[in-house]
Protein chains: 2
Amino acid sequence: MAIAGMTIGEAAARTQCTPATIRYYEEIGLLRLVGRGANGRRAYGQPELHRLRFIRRCRDLGFPIEDVRALLDVMDAKTPSCLSARDLTLTHLNTVRARRDELEALERTLTAMAASCTEACASGATPDCTLMEELSG
Amino acid sequence: MAIAGMTIGEAAARTQCTPATIRYYEEIGLLRLVGRGANGRRAYGQPELHRLRFIRRCRDLGFPIEDVRALLDVMDAKTPSCLSARDLTLTHLNTVRARRDELEALERTLTAMAASCTEACASGATPDCTLMEELSG
DNA sequence: GCTTGCTCTTCAAGTTACTTGAGGAGTTAC
DNA sequence: GTAACTCCTCAAGTAACTTGAAGAGCAAGC
C-alpha cells in the first residue's frame, strides 16, 4: 500500500501544501521529524497528513503560525479542551473584524476618490480633479 | 524660523512617520537626498514635508510602495494627469474589495465556530464540541 | 567644565510566512 | 541508457518596515 510511506510530493498534493511549505513547517517545529527511507527521503503517513490538514485549515482561517502552534498543542493534549481554542478563535475574530472595518472604510474612500476623478475628467483631465489633492492629505 | 532646517525628528513628528521610516523612504528612493547641516544631520523643509505627507496618506490608503512610487511620479510630472492615478486607485480598490470579501467569509466561519463551542460547552468542555473538528478540515 | 540624557549618524539583522534558486543526487519512464 | 522528474540541503529573496548596536553631537543643570 502506498498509504504508509508517501513522499513529500504526495503528502503535499493531498494537503494543498507545497513540498517547500511542508519542509518549512518541519523546520519551525509544527511538524515532527518524520522517518526517512533508505534513500534519505522523508516518508509520510496518515497522522502527518491529518496534522498537515489541520495546519492548513487554520492558516486558511487566517490564524498566525504561533496561534496554529497553540491550537496544535490543544489537539495534542491528552484531554483536549476546546476552551483555549475558542479563546484564540474569538481573539482572532476580533482581529479579522477590525481589519474588515478598516478595509470597508478604505473602500469608501477609494471609491469616492475614483468617482470624483471620473466625473471631473470625463472628457480628459481637468484642473477640477481633486484626486491628487486627496492623496496629499 | 525653524521652517527651513527641521531635524528628522521634527519632520517625523509633523508627518506621523518615525525617523527610521523617513530614512527608509530615502534609502528606497521615495524621498530625494536632503541637505545636511554642518553636523552631518539631515535638514528638512516644506517640500519634503509635503512629499512625506503624500506618501503617508497613500500608505494609509493601503497603496503598496511601488504604487506610491508611481503616484509620486504623477505628482512630479510637469502636467500631472490624474488618469493613471485613477487607474491605480481602481486596481487597488479591487484588491481591497477582494480582501474584504475574504475577511467577511472568514468572519462568518469563525463566528459560527466559536458559537458552536459556546453552546456545547456552556458548562465546561464537552465531547459534543465540534470546534477542534472544524479545525481539522 | 562636566555629566546626564536625548537625538542624531550608519550599518546590520529581525519580523511573517513562506517562495525561489543553486547545486547535487536518486528515481521513473521509455 | 538517458531524459525528465523529484528529492535533498542551504542560502537568499519577498514587503515594509522595526529594532539594535556602536558611536557622536548637543542642550540643560550643577
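Chain identifiers are assigned alphabetically (A, B, ...) following the order of the sequence lines, protein sequences preceding nucleic acid strands; residue numbering begins at 1 within each chain. In this text the structure is predicted, and so the values were computed from the model without any measurement.
With respect to the salt-bridge test (charged N to carboxylate O, under 4.0 angstrom), the residues Glu27(B) and Arg23(B) do not qualify. At a threshold of 4.0 Å, the pair Asp60(A)-Arg53(A) does not count as salt-bridged, since none of the basic side-chain nitrogens sits closer than that to a carboxylate oxygen.
Using a 4.5 Å cut-off on side-chain heavy atoms (C-beta onward), Gln46(A) and His50(A) make no contact. The side-chain heavy atoms of Tyr44(B) and Glu10(B), taken from C-beta on, include no pair separated by under 4.5 Å.
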Where along nucleotides 6-13 of chain C does protein come under 4.0 Å, by heavy atom, of base (B) or sugar-phosphate alone (S), with - for untouched nucleotides?
-> -BSBB---

Between protein and nucleic acid, restricted to nucleotides 18-20 of chain C and to nitrogen or oxygen atoms under 3.5 Å apart, what atom pairs and distances do you find?
| residue | atom | partner | partner atom | Å |
| --- | --- | --- | --- | --- |
| dC18(C) | OP2 | Tyr25(A) | OH | 3.1 |
| dC18(C) | OP2 | Arg59(A) | NE | 2.5 |
| dC18(C) | OP2 | Arg59(A) | NH2 | 3.3 |
| dC18(C) | O5' | Tyr25(A) | OH | 3.2 |
| dT19(C) | OP2 | Thr18(A) | OG1 | 3.4 |
| dT19(C) | OP2 | Thr21(A) | OG1 | 2.4 |

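Here the shortest heavy-atom pairing between Leu135(A) and Cys58(B) reads CD2-SG, 3.9 Å.
Side-chain contact annotation: Arg41(B) with Thr7(B), donor-acceptor N/O pair under 3.5 Å absent.
Here the C1' atom of nucleotide dA17(C) and the CG atom of Leu31(A) are 15 Å apart, to the nearest Å.
One distance of note links OG1 of Thr89(A) with CZ of Phe63(A); it measures 4.0 Å at 0.5 Å rounding.
The span of DNA chain D lying next to chain A, judged by atoms under 4.0 Å from heavy atoms, is bounded 5' to 3' by dT6(D) to dT9(D).
Side chain of Arg57(A) to backbone of Glu134(B): a donor-acceptor contact under 3.5 angstrom is found.
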Salt bridge (charged side-chain N to carboxylate O under 4.0 Å, His left out) between Glu107(B) and Arg100(A): does it pass, once the steps are laid out?
-> CA-CA 9 Å; Glu107(B) 207 180 315; Arg100(A) 192 218 45 188; 3.1 Å; yes

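A salt bridge (Lys or Arg N to Asp or Glu O under 4.0 Å) with Glu26(B) holds for exactly one of Arg42(B), Arg51(B), Arg32(B); it is Arg42(B).
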